[in-house]
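So that the names make sense, note that chain A is the first sequence line, chain B the second, and so on, each numbered from 1. Scope of the values below: all heavy atoms of this structure, side chains included, with no hydrogens, waters or symmetry mates.
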Amino acid sequence: MAEATFSASRLAAARRVATEARRGMPQLQGPHRTSRENDNFMSEFMGASRLHYIGSWKDRYQRILETMPPPPPLVQLAPGRTRVIAHIDMDCFFASVAVAGRPELEGLPVAVAWSDGNAEIASANYAARAFGVRNGMWGSQAKELCPSLITMPYEFERYEEIAEVMYRAVFAVTPHVMGVSVDECYADLSALGSPEATAATLRETIRTQTGCVASIGIGPNRLLARVATKRAKPDGLHALHSVAEGRTLLTDESVRELPGVGYHIAQKLEAIGVRTCGELRAADAGRIRDALGPKVSATLRGYADATDNRQWEARPTRKSIGAQSSWGVRFATAEEAESFGRQLGEEVGSRLAAHGYRGKHLTLKLWRAMEGAESTGPRKGSMGHGMCDHISRSITLPSATNDKALIAREVTKMLREVSIEPSKLRGMGVSVGTLSSAAAGSGAGGGSGSSRALPARVAAAPPATKFSPEKVPAWYKGVSGKAPAEAPASKPRSGDLGQMMARMTKETGGIRPSKRVRTDEPQTAEPPTRRLGKANGCEEVADEGAQMLIQFGRDLGLSSLMFAAHDSDLTSGLDPERVTAWLGACDRVEQQCQK
DNA sequence: ATCCTCCCCTAC
DNA sequence: TAAGGTAGGGGAGGAT
Ligand SMILES: Nc1ccn([C@H]2C[C@H](O)[C@@H](COP(=O)(O)OP(=O)(O)OP(=O)(O)O)O2)c(=O)n1
Ligand SMILES: [Mg+2]
Ligand SMILES: [Mg+2]
């Protein structure tokens with residue numbers, strides 16, 4: 001539907017901008033894509049990887065912190081008052097930067113990814129999200145959902161500059177800032193007068209100084225501030241004024257909204273009938289503990305109750321330093337693998353020294369292709385790691401070190417001892433922990449290590465897991481073909497209709513879902529994708545709109561959906577032809593569901 | 001109990 | 001050309 005709303009000439013102009021932006025990025029070209037073909041592989045990979053960029057950002061954040069006076073202790077609270085925490089997070093950060101200063105892209109669906117092929121989407125703007133495009137999605141799927149999608153390249157230097165402007169704006173409000181990531185931080189506003197006015201001003205400052213938008217959530221703790229931000233987005237401010245208000249808000253939200261609950265923990269909870277925060281709160285503590293363990297269950301039960309006991313640690317000390325790569329890693333011989341391990345070891349040694357650390361504990365992490373999954377990847381020519389076993393081995397060094405050569409030698413030894421056929425290796429990582437300061441005079445440490453050739457033996461790797469294509473786990477994104485089967489929700493819930501309508505209206509900028517979205521049907525029907533698909537002669541309608549609805553339903557964890565359209569859709573600026581087809585299909589869907 | 005190793009999971 | 005890094009929390013199971 002929205003497809004028709006982008007004019008061909010605007011799209012053409014935008015695509016020219018995208019092509020031009022991509023042309024100016026020489027490091028993204030060249031035929032040498034693997035560890036074997038390219039001597040410079042490691043640094044080229046790190047320079048082109050957005051995960052390396054966001055993963056190493058905190059290191060560079062130190063430089064901003066050094067220009068700031070250390071924060072005074074947090075003010076004590078007057079009795080009976082609670083803290084006021086703000087969570088500041090840039091809206092679709094990479095995509096916003098891509099659009100900023102490029103008027104040709106404004107209002108169009110834009111994603112940022114390494115290529116315009118099937119690369120993973122790092123960030124999609126909200127125009128693209130209205131089609132169901134999401135961060136982390138494969139490019140091909142994104143373009144199915146949204147054929148007009150404009151794909152822009154990474155611009156790491158601009159992210160760095162804009163993030164610094166954003167952070168300086170926050171530091172101008174308070175010294176109590178906790179950096180989370182390149183686009184996101186917490187600020188303690190407890191000592192300030194009106195948090196909401198302060199936050200509104202801060203949003204405006206960030207917008208004018210960066211050309212990008214930040215949303216802000218405010219709450220009595222970090223958990224609720226973060227939950228509020230989600231509600232505020234895009235381009236909004238939302239405040240939760242008490243733990244009680246937060247608890248009420250969380251009651252019907254998915255446990256997935258809680259920090260620390262990702263795909264797997266949500267699955268474990270669902271397996272014991274817990275889907276919402278309210279259900280988690282009400283569930284038997286012993287059951288949750290059995291499923292998740294003592295610490296995780298305690299933390300999450302607290303979160304579900306809107307309480308967050310994490311200490312405010314604005315500048316936590318590093319506990320480990322490491323480097324890894326699991327893309328383009330292919331070896332023919334042990335020498336090649338060992339050379340790669342040495343490079344990683346040297347890289348880690350340099351990073352340790354650069355930060356004034358030494359470390360005593362050394363870990364080698366290896367990706368090994370599963371038996372039957374040795375072919376290069378999900379598709380011919382892909383240099384991804386594919387389905388792998390993960391093997392890690394660690395040793396404790398006789399003394400803390402940051403000596404590149406010593407680390408490289410120890411990595412080589414471990415690599416030999418773990419005895420993995422080099423051709424099966426798909427990734428390698430080296431990490432050093434148990435850190436101490438290199439400056440502190442203690443044990444002369446790093447000293448060239450010729451001292452002890454400790455026989456730090458390490459066990460050989462276990463046999464490879466056997467890979468079978470039919471049993472690719474639902475969470476694995478690397479294999480094309482079938483979407484993971486819908487896990488039917490255990491129970492229909494009330495309140496979904498209201499939530500869904502509110503969310504759709506907000507996220508699509510006005511498109512309303514049907515007047516009949518039912519979640520109270522038993523799970524007898526096929527998932528809605530099927531009912532709207534070609535099998536029912538509905539290909540006219542299996543478009544972005546349908547995909548979007550289906551995605552909303554999935555996001556809400558609904559077991560089944562029924563769609564219908566409002567007559568008023570015809571008068572709300574949507575393409576009448578599409579709406580007519582849509583209405584017809586909805587009738588059929590409904591009939592099918594009723595019998 | 002607490003520690004250790006080898007994972008697993010999560011957030012960006 | 002699908003550029004899948006980095007760091008932290010913590011669980012399982014065994015040793016101390
Ligand atoms: N799977 C992901 C998630 C994020 N990022 C990068 C790109 C994002 O722009 C940036 C910030 O991550 P956020 O989670 O804050 O996502 P966005 O800022 O893109 O969107 P939102 O408006 O939801 O914050 O990190 C990434 O490369 N890959
Ligand atoms: Mg963001
Ligand atoms: Mg963020």
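When the nearest nucleotides of DNA chain C are assigned to A:Thr317 and A:Ile54 by heavy-atom distance, the more 5′-ward of the two goes with A:Ile54. Checking A:Trp367 against A:Pro316, the closest nucleotide of DNA chain C that is more toward the 5' end is the one next to A:Trp367.
Going from atom CG of A:Asp389 over to atom C1' of C:dG4 covers 16 Å, rounded to whole Å. Here the C1' atom of nucleotide C:dA7 and the CE atom of A:Met178 are 16 Å apart, to the nearest Å. Rounding to whole angstrom units, CZ of residue A:Arg50 and C1' of C:dA3 are separated by 9 Å. Taking atom CZ of A:Phe45 as the reference point, atom P of C:dA3 lies 9 Å away to the nearest angstrom. Counting to the nearest Å, the C1' atom of C:dG5 and the CG atom of A:Asp59 are 12 Å from each other. Separating the CH2 atom of A:Trp138 from the C1' atom of C:dA3 is a distance of 11 Å, rounded to the nearest angstrom. When rounded to the nearest whole Å, the span between CD of A:Glu44 and P of C:dG5 equals 16 Å. As rounded to whole Å, 12 Å separates atom P of C:dA3 from atom CE of A:Met383.
OP1 and OP2 of C:dT6 both lie 4.0 Å or more from every side-chain N or O belonging to A:Lys365. Phosphate proximity of C:dT6 to A:Arg318: absent, as no side-chain N or O sits under 4.0 Å from OP1 or OP2. OP1 or OP2 of C:dG4 has not a single side-chain nitrogen or oxygen of A:Arg426 nearer than 4.0 Å. OP1 or OP2 of C:dG5 lies within a sub-4.0 Å distance of a side-chain N or O belonging to A:Ser326.
Applying the side-chain hydrogen bond (donor to acceptor under 3.5 Å, both in side chains) criterion to A:Ser140, with sequence neighbours excluded, gives A:Asn118. Under the side-chain contact (heavy atoms from CB on, under 4.5 Å) criterion, A:Ser326 pairs with A:Trp367, A:His385, not counting sequence neighbours. With sequence neighbours left out, the salt bridge (Lys or Arg N to Asp or Glu O under 4.0 Å) criterion links A:Glu184 to no other residue. Judged as a side-chain hydrogen bond (donor to acceptor under 3.5 Å, both in side chains), and not counting sequence neighbours, the contacts of A:Asp308 are A:Arg310. Under the salt bridge (Lys or Arg N to Asp or Glu O under 4.0 Å) criterion, A:Asp59 pairs with A:Arg318, sequence neighbours left out. With sequence neighbours excluded, the residues satisfying salt bridge (Lys or Arg N to Asp or Glu O under 4.0 Å) with A:Arg351 are A:Glu347. By the side-chain hydrogen bond (donor to acceptor under 3.5 Å, both in side chains) test, A:Arg60 is found to be paired with A:Ser56, A:Glu160, residues two or more places apart in sequence or in another chain being considered. Applying the salt bridge (Lys or Arg N to Asp or Glu O under 4.0 Å) test to A:Glu164 and every residue at least two apart in sequence or in another chain returns A:Arg168. Residues forming a side-chain hydrogen bond (donor to acceptor under 3.5 Å, both in side chains) with A:Gln324 (at least two apart in sequence, or on another chain): A:Lys365.
With 3.5 Å as the limit, one finds a donor-acceptor pair spanning the side chains of A:Arg129 and A:Tyr126. Judged by distance alone, the side chains of A:Asp389 and A:Thr465 do bring a donor and an acceptor atom under 3.5 Å apart.
Below the 3.5 angstrom threshold, one finds a donor paired with an acceptor across the side chain of A:Trp114 and the base of C:dA3.
Using a 4.0 Å heavy-atom criterion, one finds that A:Arg310 contacts no nucleic acid atom at all. Residue A:Val261 is in sugar-phosphate contact alone, with no base atom involved, counting any heavy-atom pair closer than 4.0 Å across all strands shown. Among the heavy atoms of the strands lying under 4.0 Å from A:Gly117 are primed sugar atoms or P, OP1, OP2 only; no base atom is included. Among the heavy atoms of the strands lying under 4.0 Å from A:Ala323 are primed sugar atoms or P, OP1, OP2 only; no base atom is included. Counting any heavy atom pair closer than 4.0 Å across all strands shown, A:Arg226 reaches sugar-phosphate atoms only and no base atom. Nucleic acid contact for A:Ser431: none, since no nucleic acid atom lies under 4.0 Å from a heavy atom of the residue.
Taking the six-membered ring for Trp and the full ring otherwise, the centers of A:Tyr167 and A:Trp57 sit less than 6.0 Å from each other.
Bracketed by its first and final contacts, the part of DNA chain B lying under 4.0 Å from non-hydrogen atoms of chain A reaches from B:dT5 to B:dC12 in 5' to 3' order.
Separation of the P atoms belonging to C:dA3 and B:dA11 is 22 Å when rounded to the nearest angstrom.
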### Query
How does each nucleotide of nucleotides 11-16 of chain C score, in 5' to 3' order, for protein heavy atoms under 4.0 Å: base (B), sugar-phosphate only (S), or none (-)?
S-----
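For the pair A:His385 and C:dG4, the ring geometry qualifies as stacking, because the centroid separation is below 5.5 Å while the planes lie within an angle under 30°.
Taking the six-membered ring where the residue is Trp, A:Tyr154 and A:Phe94 present perpendicular rings, their angle passing 60° and hence far from 30°.
Each end of the helix from B:dA1-C:dT16 to B:dC12-C:dG5 gets its own axis, taken as the rotation carrying the C1' atoms of four end pairs onto the next four within a five-pair window, and the two axes meet at 20° to the nearest 10 degrees.
For A:Ser320, the side-chain atoms get nearest to C:dG8 when compared with the rest of C:dT1, C:dG4, C:dG8.
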